[in-house]
Amino acid sequence: MIPAESGDLLATLENAFDFAQRQVRRLIEKYPDYFPIYTVGGKWHHSGERWTNWCEGFLPGMMWIFFEETGDSFWREQAEHYSRLVEPRKDDRTVHDLGFLFYHGTYRRWYDATVREGLADPTIREVVFHAGRTLAKRFKEKGAYLRSFVADESLFIDIMMNVPVILYTAIETNDDVLMDIASRHCATSRRYLVRGDGSTAHEALFDTQTGECLRQTTHQGYRGDSCWSRGLAWALYGFATCGRLLNFRPWLETSQSCAQYLLEKLAGDPVPPWDFDAPEESRAQKDSSAGAIAAAGLFELSDAVVLVGTDQARQRRYLRDSALRILAALCEPEYLATQDADWEGILKHGVYHIHKGLGVDESVMWGEFFFVDALQRAIRHLRSAR
Ligand code: GLY
């Protein structure tokens with residue numbers, strides 16, 4: 001277990017945060033206005049397939065976090081510039097990722113910055129609301145879920161990370177219809193994608209005529225009945241955010257259950273394999289991005305107001321120490337690309353789509369973002385505990 005008051009760990013995380021800033025600066029200086037998704041041989045610029053366009057919020061998202069922590073006007077200018085480039089996506093009906101784009105990444109963070117400055121700008125927040133309303137249009141009454149980008153019949157666990165943009169809009173604008181859509185999506189995801197032991201399926205397929213759930217399956221995991229580690233991390237974090245926004249115990253319990261499953265699996269090695277149920281040899285392939293998402297998600301869960309169980313302080317400490325243990329491992333030279341001057345990413349050994357051979361054992365843009373998200377939370381926590 002990581003001692004929460006460890007000064008050495010704080011220095012390690014601060015160094016990683018500085019390195020992340022240097023790598024993002026290098027990326028935008030080398031490839032201005034370019035939104036990469038994964039590296040090839042450690043290089044961001046290549047002509048590899050994207051599969052889907054869902055990562056454009058992560059680069060500005062990191063810039064907002066850098067600005068939040070450093071107050072450096074360079075990051076503020078870059079964050080605004082890159083966020084503006086993403087704004088037209090608020091009308092994008094082709095993807096299920098508007099929460100990644102506008103809640104985690106761009107305009108929600110921008111709006112919060114204006115609030116902190118005492119100049120709350122409603123025009124910035126309106127962009128987030130617009131995105132929330134657009135995403136809600138994916139809702140299928142039959143089955144009660146937001147459909148994935150793939151097909152009407154398809155529900156992805158990843159969508160749990162995007163529901164917060166609808167919930168946020170519902171809460172801030174008192175919109176009962178949006179609240180109902182978001183809540184029913186969470187309930188359907190819990191029912192059909194989260195298993196009794198806290199493991200998760202990547203996808204559920206529905207009969208679009210009757211709304212009946214037919215089976216669990218996967219695109220990026222090993223098998224329909226396996227636990228794709230990134231999907232589990234999305235569930236842990238997504239249910240935690242929805243539970244936190246609503247202060248609603250069932251979603252926090254679901255997140256806790258996913259956290260428990262994950263942490264049991266990570267008892268030996270804190271960095272997840274790409275799929276917990278892949279054959280042993282294949283499990284040697286890590287997905288550092290799943291570790292980064294999980295670390296940030298464990299902090300998110302630990303920050304939630306209602307936690308299940310009586311010993312809340314002990315439970316919070318367990319979640320945070322577990323997150324720190326994952327982060328400490330990701331800061332080792334095996335994962336943090338500090339020792340390889342040619343590598344353009346921050347974190348090595350991420351995986352995008354193993355079956356398509358896209359971004360396998362590479363840096364991936366969401367891994368970078370959630371690593372920075374987790375570092376910010378961990379650094380704040382360790383500084384406050386000093
Ligand atoms: N498409 C989301 C993910 O690869 O996790």
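Since the structure is predicted, the reported quantities are computational estimates derived from the model, not experimental observations. Numbers for residues simply follow the sequence, beginning at 1. Indexing begins at 1, ligand by ligand and atom by atom, following the structure's order.
Within the listing of ligand 1, atoms 1 (N), 2 (C), 3 (C), 4 (O), 5 (O) sit less than 4.0 angstrom from a heavy atom of Trp54. Remark: ligand 1 atoms within the under-4.0 Å shell around heavy atoms of Tyr352 are 4 (O). Short contacts between ligand 1 and Asp158, defined as distances under 4.0 Å to a heavy atom of the residue, involve ligand atoms 1 (N), 2 (C), 3 (C), 5 (O). Every atom of ligand 1 is numbered from 1 in the order shown, and the set under 4.0 Å from a heavy atom of Gln220 is 3 (C), 4 (O).
Note on Glu172 versus Arg108: no salt bridge recorded, every NZ/NE/NH1/NH2 to OD/OE distance being 4.0 Å or above.
Residue Trp228 touches ligand 1 through its side chain alone, judged by heavy-atom distances below 4.0 Å. When heavy-atom distances to ligand 1 are checked against a 4.0 Å cut-off, Phe156 has no atom that comes that close, whether in backbone or side chain. Contacts with ligand 1 closer than 4.0 Å are made by no heavy atom of His353, backbone or side chain.
When the shell of 6.0 Å around CD of Gln209 is examined, it contains 12 or fewer heavy atoms from other residues, nucleotides or ligands. Enclosure of atom NZ in Lys142 is not indicated, since only 12 or fewer non-hydrogen atoms of other residues, nucleotides or ligands lie within 6.0 angstrom.
Nearest to atom 3 (C) of ligand 1 among the protein's heavy atoms is Arg230 NH2, 3.3 Å.
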### Query
Given Arg316 and Ser302, is the side chain to side chain donor-acceptor pair (under 3.5 Å) satisfied, shown in steps?
CA-CA 5 Å; Arg316 284 205 166 91; Ser302 78; 5.6 Å; no
### Task
Might you work through the side chain to side chain contact (heavy atoms under 4.5 Å, CB included) test for Glu14 and Ile379, ending with a clear yes or no?
CA-CA 7 Å; Glu14 287 172 338; Ile379 289 168; 4.2 Å; yes
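Taking any N or O of Trp366, backbone or side chain, none lies under 3.5 Å from an N or O belonging to ligand 1. In terms of polar-atom proximity, Trp234 is counted as a contact of ligand 1, with an N or O under 3.5 Å from an N or O of the ligand. Inclusion of Thr52 in the set of residues having an N or O under 3.5 Å from an N or O of ligand 1 is not warranted.
A cation-pi arrangement is absent between Lys286 and Trp274, since the terminal nitrogen or guanidinium carbon is not both under 6.0 Å from the aromatic centre and inside a 45° cone about the axis.
At a cut-off of 3.5 Å, with distance as the only test, a side-chain donor of Arg195 or Gln216 sits close to an acceptor on the other residue.
Each of Phe369, Tyr237, Phe58, Trp366 was checked for a ring-ring contact (aromatic ring centres under 6.0 Å, His included) with Phe100, and the lone residue meeting it is Phe58.
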